[in-house]
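Counting convention: from 1, in listed order, for ligands and their atoms alike. Since this is a predicted model, take the numbers as computed values, not measurements.
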Amino acid sequence: MIEFNETNKIFYLSGKSFSYLIWIDPNGYLVNLHYGGRIESDDLTYFDMRTRPISFSPIPPDADHWFTLDIAGQEYGSYGQGDFRTPSVILCREDGDASSRFHYERHVIYDGAPALEGMPHCRKGGQTLALVLRDVLSGAKITLNYTVYEQFGILVRNAEIECGAQPVCLKRAHSFCADLPEGEYEAVCLHGRHCAERTPERVPLGHGTYTVSSTRGASSHQMNPFLALAERGCTETHGSVFAALLIYSGSYELSAEKSQTGGVRLCGGIQSLNFSKKMAPGEKFVTPQVALCHSDGGFGALSRAYHDFIRETILPPALAYARRPIVINNWEATYFQFDNEKLCKLADEAAELGVDTLVLDDGWFGKRNDDTSGLGDWFVNEDKLQGGLSAVIEHCKRLGLKFGLWFEPEMISEDSDLYRAHPDWAIGKADVPRCTGRNQLVLDMTRPEIVDGVFEQVSNILSTYAISYVKWDMNRHISEFYSAKLPADQQGEFSHRYILGVYALAERLQRAFPNVFFEGCSGGGGRFDAGMLYYFPQFWTSDDTDAYERAKIQWGTSYAYPLSAMSCHVSVCPNHQTGRTTPFETRGAIASLGAFGYELSPAALSEKERELVKQQIKAYRELEPLLQRGDLFRISNPFESNLFCVAVVSKDKKEAYAVGMQIHAVPADTDHRLRLAGLEEGALYEIAELGLKLHGSTLMHAGVLKPNLPDFGSFVWHLKAIG
Ligand code: DGJ
């Protein structure tokens with residue numbers, strides 16, 4: 001709900017779990033009066049800072065005595081006019097003066113959300129306040145968009161910066177700034193590395209600036225574009241927490257700055273390091289969107305809000321709740337060593353188990369027999385696949401299997417026909433030795449002719465063969481941020497333009513092949529973000545398929561992203577990443593908490609395990625609607641305890657699915673009560689696996705006994721309301 005009170009000049013923005021109040025103060029400055037728990041539309045102008053003198057805080061020339069930007073809650077931080085906190089925008093004029101002073105000019109409130117051309121954005125719903133500000137110093141116009149998703153408790157923001165009559169150089173362009181009230185906050189980030197993505201880390205927020213960011217040209221394994229600020233003591237179920245989640249996949253920054261008064265500025269957007277954009281009069285720059293969430297119900301409620309929001313407004317609508325392909329992927333089964341015979345055998349075994357799609361991973365194209373060559377040559381390696389790709393696809397078809405194919409569209413190997421023909425297509429300078437990563441260079445996706453070239457090659461394959469699924473990988477980060485074709489004074493746009501090129505290619509391919517299912521990947525979960533999920537309804541969560549490591553990765557990923565976005569496969573043991581052996585049932589149980597599949601050769605399984613695969617697939621298909629639409633409750637934290645446990649509860653609370661995994665067996669662990677969550681207090685549930693019939697209140701407050709389990713042993717419980 002968005003209201004404007006003409007009398008006190010306050011905008012009231014409210015969702016399920018928050019209110020956000022913006023005041024047009026008597027001098028035309030926008031002042032934030034409240035962001036936090038939902039409140040009534042009271043007059044909060046009593047927070048006016050004019051009454052509280054503070055030393056060493058400059059007062060703008062057009063403001064009342066004591067009004068200072070140094071203290072007042074701002075909507076978009078300015079530079080050079082006495083707000084010493086992190087600025088949201090830096091507009092440098094031709095004489096080098098970079099200060100800005102923003103005044104409210106007008107506003108409009110409308111139903112719906114702004115559509116961002118060429119960038120991922122909320123597809124539907126919401127109500128939007130567009131606040132137009134004018135920088136009285138440069139003449140630039142800034143439109144701040146606030147879209148309220150009342151039902152989710154999410155506030156989506158972004159900014160549109162339009163150059164006024166004077167040219168400017170834009171040196172920073174954040175998506176938002178939210179000045180939170182003073183408090184004792186703890187910052188939570190999702191850090192990681194390859195094979196260990198999105199590990200939650202929680203630290204007290206002291207004075208100064210805490211930043212999470214990526215300068216890698218991708219949102220990265222190392223730090224997800226998510227930052228939460230929780231009140232001290234906030235738990236899964238209780239307490240207040242704010243969070244920002246960028247709908248963006250490139251280099252970014254998010255920061256929390258605790259100021260002298262104890263208030264915190266939460267802000268961010270695209271990465272400012274080496275960013276600049278020259279703007280001519282009338283030119284516009286649109287920032288990516290950020291989804292802000294405030295929860296009064298702890299981290300659990302925060303995550304559920306993001307899950308609903310992503311499923312309803314970000315994922316491709318036709319696929320968000322569609323039956324997902326249950327794939328068998330040949331990567332861990334064969335790596336680069338395969339031929340038609342091996343693939344057809346894999347298909348035979350897969351079809352027998354009930355899998356519906358065979359995915360051929362890396363190595364089918366160019367002269368690619370290892371990772372030193374071939375990227376960019378998207379034509380079939382007929383030496384390796386004698387009889388061609390059609391023979392394998394036809395074989396799959398006869399078995400009733402669909403076929404999927406791996407691409408790494410943004411990359412080029414120096415040993416490739418593409419590189420030999422176009423050495424200048426790689427990022428950097430062709431005559432200056434460049435950094436390699438996994439022996440490869442990155443294509444300059446800022447150049448439309450290169451995006452066209454990749455589109456043609458990939459679409460040629462997709463239109464020649466019956467392909468129903470594409471895995472889009474990306475296996476290195478950008479080091480040389482330089483395009484041979486951009487003028488010197490536009491190189492500062494490189495990083496953002498790169499990701500716009502990726503989005504353009506994804507969009508074009510999806511439009512051209514609406515029946516192909518695209519899964520994202522980046523050396524595992526290196527670009528797992530809400531921007532990518534706009535194009536790819538699921539993303540390969542991590543290259544680490546070990547059930548224990550995966551449980552932790554999926555736990556961290558679920559802070560912001562729904563289960564249906566996490567692609568999860570069962571693989572063989574000893575696990576290829578950790579060497580660990582876990583029970584087959586546990587691998588199935590952990591993988592069932594996502595978009596399910598296999599990454600193995602069934603020939604490597606025992607007869608009993610092959611039977612289990614059939615059961616797992618059948619059970620997963622029955623559970624899929626619940627997993628895709630239900631509410632997730634994190635019950636036992638594998639980072640802090642010896643047990644991993646989560647439950648998914650249907651929206652009507654009639655059904656639930658709980659998965660648990662013991663990390664290490666403990667002797668005499670006889671009275672460990674596990675309390676479930678999210679159930680209907682008064683409803684009677686049957687847990688078939690335990691032979692129990694208990695009320696929701698009993699299951700949630702008294703709990704049930706955790707089974708005694710061996711190392712990495714697991715349980716799955718299906719709960720059905722029976723009365
Ligand atoms: C990294 C991916 O995460 C893997 O699943 C696999 O596709 C390899 N790349 C192939 O090179």
Side-chain angles (χ1 to χ4, degrees), residues 192-198 216 218-222 224 249 325-338 342-343 346 357-378 381 384 403-413 415-416 436-443 458 461 467 469-477 517-529 532 536 538-546 549-550 553-554 557 565-572 575-578 587 591 594-601:
R193 58 181 185 276
H194 177 231
C195 283
E197 296 88 341
R198 292 169 297 285
R216 295 166 172 270
S219 54
S220 85
H221 310 73
Q222 286 72 11
N224 198 258
S249 316
I326 296 188
V327 308
I328 194 154
N329 180 302
N330 77 310
W331 181 241
E332 286 198 19
T334 67
Y335 295 104
F336 290 105
Q337 279 71 54
F338 56 83
K342 247 193 198 176
L343 293 174
L346 192 59
T357 305
L358 175 75
V359 177
L360 177 53
D361 211 280
D362 195 354
W364 58 268
F365 51 89
K367 297 226 166 7
R368 184 140 168 114
N369 295 312
D370 55 32
D371 63 15
T372 59
S373 61
L375 292 172
D377 294 344
W378 302 111
N381 182 343
K384 195 167 181 175
F403 189 78
L405 205 55
W406 180 96
F407 290 90
E408 196 175 359
E410 301 154 64
M411 297 294 154
I412 181 166
S413 303
D415 183 2
S416 67
T436 50
R438 207 194 186 202
N439 305 304
Q440 63 203 48
L441 300 176
V442 188
L443 282 172
V458 176
I461 293 285
I467 289 164
Y469 166 109
V470 163
K471 177 176 173 185
W472 176 320
D473 206 346
M474 192 268 191
N475 282 302
R476 66 157 288 189
H477 290 145
F517 184 94
F518 285 80
E519 170 167 321
C521 176
S522 175
R527 207 163 51 183
F528 198 127
D529 56 64
M532 281 289 131
F536 310 137
Q538 64 191 47
F539 211 93
W540 181 227
T541 315
S542 176
D543 272 348
D544 196 334
T545 55
D546 170 71
E549 293 296 328
R550 258 312 184 99
I553 293 166
Q554 291 170 210
T557 305
M566 299 182 209
S567 175
C568 302
H569 294 175
V570 175
S571 62
V572 294
N575 177 267
H576 289 197
Q577 292 76 39
T578 61
R587 284 175 263 157
F596 189 67
Y598 292 86
E599 186 96 5
L600 47 71
S601 163

*Can an N or O of D543 be found at a distance shorter than 3.5 Å from an N or O of ligand 1?*
yes
*Before signing off on this row, confirm whether W406 and ligand 1 have an N or O atom pair separated by under 3.5 Å.*
yes
_So is R438 touching ligand 1 or not, going by heavy atoms under 4.0 Å?_
yes
*For residues F539 and W472, establish whether the separation of their ring centroids is below 6.0 Å.*
no
*Would you say the side chain of L360 lies within less than 4.5 Å of the side chain of F403, judging by non-hydrogen atoms?*
yes
*ligand 1 to D361 polar contact by distance, N or O atoms, under 3.5 Å*: yes
*Report the nearest protein non-hydrogen atom to atom 1 (C) of ligand 1: residue, atom name, distance rounded to 0.1 Å.*
D473 OD2, 3.1 Å
*Decide yes or no for D371 and F336: does some side-chain heavy atom of the first lie under 4.5 Å from some side-chain heavy atom of the second?*
yes
_Option nearest atom 8 (C) of ligand 1 (shortest heavy-atom distance, choices W331, F336, Y335)_ = W331
_Hydrogens and angles aside, do N475 and Q440 bring a side-chain donor and acceptor to less than 3.5 Å of each other?_
no
*Let me know which of R550, E599, R587 forms a side chain to side chain donor-acceptor pair (under 3.5 Å) with H569.*
E599
*In terms of side-chain heavy atoms, does R527 have a donor or acceptor partner in S249 at a distance below 3.5 Å?*
no
*asked:* Within the 4.0 Å heavy-atom shell around W540, which atoms of ligand 1 are there?
replied: 3 (O), 5 (O)
*Mark up the atoms of ligand 1 that fall under 4.0 Å of a heavy atom belonging to C521, in ascending order.*
2 (C), 3 (O)
*Considering only heavy atoms from C-beta outward, does the side chain of L441 approach that of R476 to under 4.5 Å?*
yes
*Please state which part of N475 comes within less than 4.0 Å of ligand 1, counting heavy atoms only: side chain, backbone, both or neither.*
side chain
*Examine the side chains of N439 and T372 and answer whether a donor and an acceptor come within less than 3.5 Å of each other.*
no
*Counting each atom of ligand 1 from 1 as listed, which ones have a heavy atom of D362 under 4.0 Å away?*
10 (C), 11 (O)
*For ligand 1, which part of K471 has a heavy atom less than 4.0 Å away: the side chain, the backbone, both, or neither?*
side chain
*ligand 1 to G524 polar contact by distance, N or O atoms, under 3.5 Å*: yes
*Looking only at heavy atoms, is any part of H194 under 4.0 Å from ligand 1, and if so is it the side chain, the backbone, or both, or is it neither?*
neither
*Do E519 and S567 have side-chain N/O donor and acceptor atoms under 3.5 Å apart?*
yes
